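Remember, predicted model here, so these are calculated numbers, not experimental data.
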Amino acid sequence: MQTRFGATLNANDTPMSADTLAHAMTEYDVLCPTVGDPLPAGVLDVPGRRVRLIANYGVGVDHIDLDACRRLGIAVTNTPGVLTEATADLAITLMLMAMRRAGEGERELRAGEWTGWRPTHLVGTAPQGKVLGLIGWGRIARAMARKAHDAFGMEILFHARRPMTPEAGDPPAVQAASLDALLGAADVVSLHVPGGADTRHLIDAAALARMKQGAFLINTARGSVVDHAALAGALRSGHLGGAGLDVFPAEPAIPEGLADAPGAVLLPHLGSATRETREAMGRKALANVAAWLAGQDLPDRVA
């Protein structure tokens, strides 16, 4: 991008402030933000605005006010498809860590508190034959379903807002009659829905109460989908067997009560964090910028 377009880089690799982003809107034609760079209407609609393309580095765009972009005539693109396998792999990692209590075990070992092998020490739950319930049935959910079914023989149940038909490569799966039906039947519930107002606190205290005693919650989607105060309570009460979280509502802050909640596995938003995936995301963003500058249709336009 520097060679072809004279790009200015965020060399410190840190989220940009609202003031920095607002200033960038007046200095550049194209902005390439990340999920850590919020772009509400107040940042987008600034006097002297110059930006006409936001080429987001990532799939999720709930940090960008798309309605404001449409009103202002700013095109928005993302990077779909290339992070499917990496994020599904991490969802499986979180599931196994929570079910097998790996996070608890590592913390105990590092703290010098391990006293040796004993029959009842950190006994977890086997994934084999359990029911995996996926809320959402997009690329990442289907990839996780395939991995869980093929590796562990898990039964696959999913919830989607409209009837879905199987695609090539999908494992055997049943669409739940309702969200409540899925929550009551699944041993593991994994979230694969976009963020935003429509899904905020989709998993609240009532939803957690409908989950099976001892079930596990996995979230690699968006932190806003879960009521974390209610989740911490469900973990402390023993209603849930554990939770594996890679995303949080106000990153990098961790919701109060989660860090020391029993059975909680917490990762710092690593879903797409492989060299191969991050490079592919960059190439997607580059392709969208190049298409825009050439006056061509944008490959991954979302607004």
Side-chain angles (χ1 to χ4, degrees), residues 84-135 140-158 171 173 182-192 203 208 211-221 223 225-226 228 230-248 254-255 257-274:
T84 299
E85 296 298 326
T87 306
D89 286 347
L90 197 80
I92 292 287
T93 300
L94 286 167
M95 180 183 76
L96 293 176
M97 288 183 71
M99 296 182 80
R100 293 300 306 270
R101 303 178 68 177
E104 295 175 72
E106 187 186 30
R107 290 191 292 273
E108 179 183 283
L109 193 70
R110 289 182 180 275
E113 297 173 352
W114 184 39
T115 60
W117 188 93
R118 54 193 189 273
T120 59
H121 181 227
L122 290 179
V123 174
T125 302
Q128 284 80 7
K130 300 298 191 297
V131 177
L132 171 62
L134 300 135
I135 300 179
I140 298 170
R142 297 200 305 272
M144 183 185 184
R146 172 173 45 80
K147 295 171 192 290
H149 175 269
D150 292 352
F152 307 116
M154 297 185 80
E155 297 181 31
I156 307 301
L157 189 65
F158 71 93
L182 181 143
L183 293 172
D187 300 295
V188 179
V189 173
S190 187
L191 305 178
H192 301 276
I203 304 301
L208 292 166
M211 289 176 62
K212 279 184 176 182
Q213 176 74 30
F216 299 84
L217 179 71
I218 308 300
N219 189 13
T220 55
V225 179
V226 177
H228 289 89
L231 174 59
L235 290 169
R236 292 185 189 284
S237 72
H239 175 63
L240 291 188
L245 310 175
D246 186 47
V247 287
F248 306 93
I254 303 303
L258 271 185
D260 60 351
V265 178
L266 311 177
L267 294 181
H269 206 143
L270 299 179
S272 64
T274 68

Practice prompt. Report the C-alpha distance between M154 and V131 in whole Å, list the side-chain angles of each, state the deciding distance to 0.1 Å, and finish with yes or no for side-chain contact (heavy atoms from CB on, under 4.5 Å).
Written response: CA-CA 6 Å; M154 297 185 80; V131 177; over 6 Å; no
Worksheet item: Does the side chain of L122 reach to within under 4.5 Å of the side chain of W114, using non-hydrogen atoms?
Response: no
Worksheet item: Would you say the side-chain atoms of K130 pair up with the backbone N or O of A126, donor to acceptor, closer than 3.5 Å?
Response: yes
Discussion item. What I'd like to find out is whether the side chain of M95 reaches to under 4.5 Å of the side chain of M144, using heavy atoms alone.
Written reply: yes
Fill in: Spatial distance of atom CG (L191) from atom OG1 (T220) [nearest 0.5 Å]
7.5 Å
Discussion item. Please check this pair: side chain of D246 against backbone of G271, looking for a donor-acceptor N/O pair closer than 3.5 Å.
Written reply: yes
Discussion item. Check this for me, if you would: do R107 and D260 make a salt bridge, where the nitrogen-to-carboxylate-oxygen distance has to be below 4.0 angstrom?
Written reply: no
Item to complete: Find out whether V189 and I218 are in side-chain contact, i.e. whether some heavy atom of one side chain is under 4.5 Å from a heavy atom of the other.
Response: no
Worksheet item: Do L132 and L157 come within less than 4.5 Å of each other through their side chains, counting heavy atoms only?
Response: no
Item to complete: Measure from the side-chain N and O atoms of H228 to the backbone N and O of V226, and report whether any donor-acceptor pair falls under 3.5 Å.
Response: yes
Worksheet item: Rounded to the nearest 0.5 Å, how far apart are OG of S272 and CG of D89?
Response: 12.0 Å
Practice prompt. To the nearest 0.5 Å, tell me how far I92 CD1 sits from K147 NZ.
Written response: 7.5 Å
Item to complete: Compare every heavy atom of K212 with every heavy atom of A186, then report the nearest pair and how far apart it is.
Response: O-CD, 3.6 Å
Fill in: Check: T84 main-chain N/O paired with T87 side-chain donor or acceptor under 3.5 Å
no
Response to the item:
In this structure, CG of L258 is separated from CZ of F248 (nearest 0.5 Å) by 7.0 Å
Item to complete: Please check if the side chain of E155 supplies one atom and the backbone of G133 the other of a donor-acceptor pair under 3.5 Å.
Response: no
Discussion item. Assess whether a salt bridge exists between E85 and R146, defined as any Lys/Arg side-chain N lying under 4.0 Å from an Asp/Glu carboxylate O.
Written reply: yes
Worksheet item: Is any side-chain heavy atom of L240 less than 4.5 Å from a side-chain heavy atom of Q213?
Response: no
Worksheet item: Roughly how far, to the nearest 0.5 Å, is CD1 of I135 from CG of L217?
Response: 7.5 Å
Response to the item:
In short, L96 meets P127 closest at the heavy-atom pair CD2-CG, 4.0 Å
Fill in: Heavy-atom closest contact (A98 atom, F216 atom, distance)
O-CE2, 3.5 Å
Worksheet item: Is a donor on one side and an acceptor on the other found under 3.5 Å between the side chain of H239 and the backbone of L208?
Response: yes
Worksheet item: Is the number of heavy atoms from other residues, nucleotides or ligands under 6.0 Å of R118 CZ greater than 12?
Response: yes
Worksheet item: Taking atom CZ of R100 as the centre, does the number of heavy atoms from other residues, nucleotides or ligands within less than 6.0 Å exceed 12?
Response: no
Discussion item. As an exercise, state the distance from NE2 of H269 to CG of L245, rounded to the nearest 0.5 Å.
Written reply: 12.0 Å
Worksheet item: Shortest non-hydrogen contact from G257 to A261?
Response: O-CB, 3.4 Å
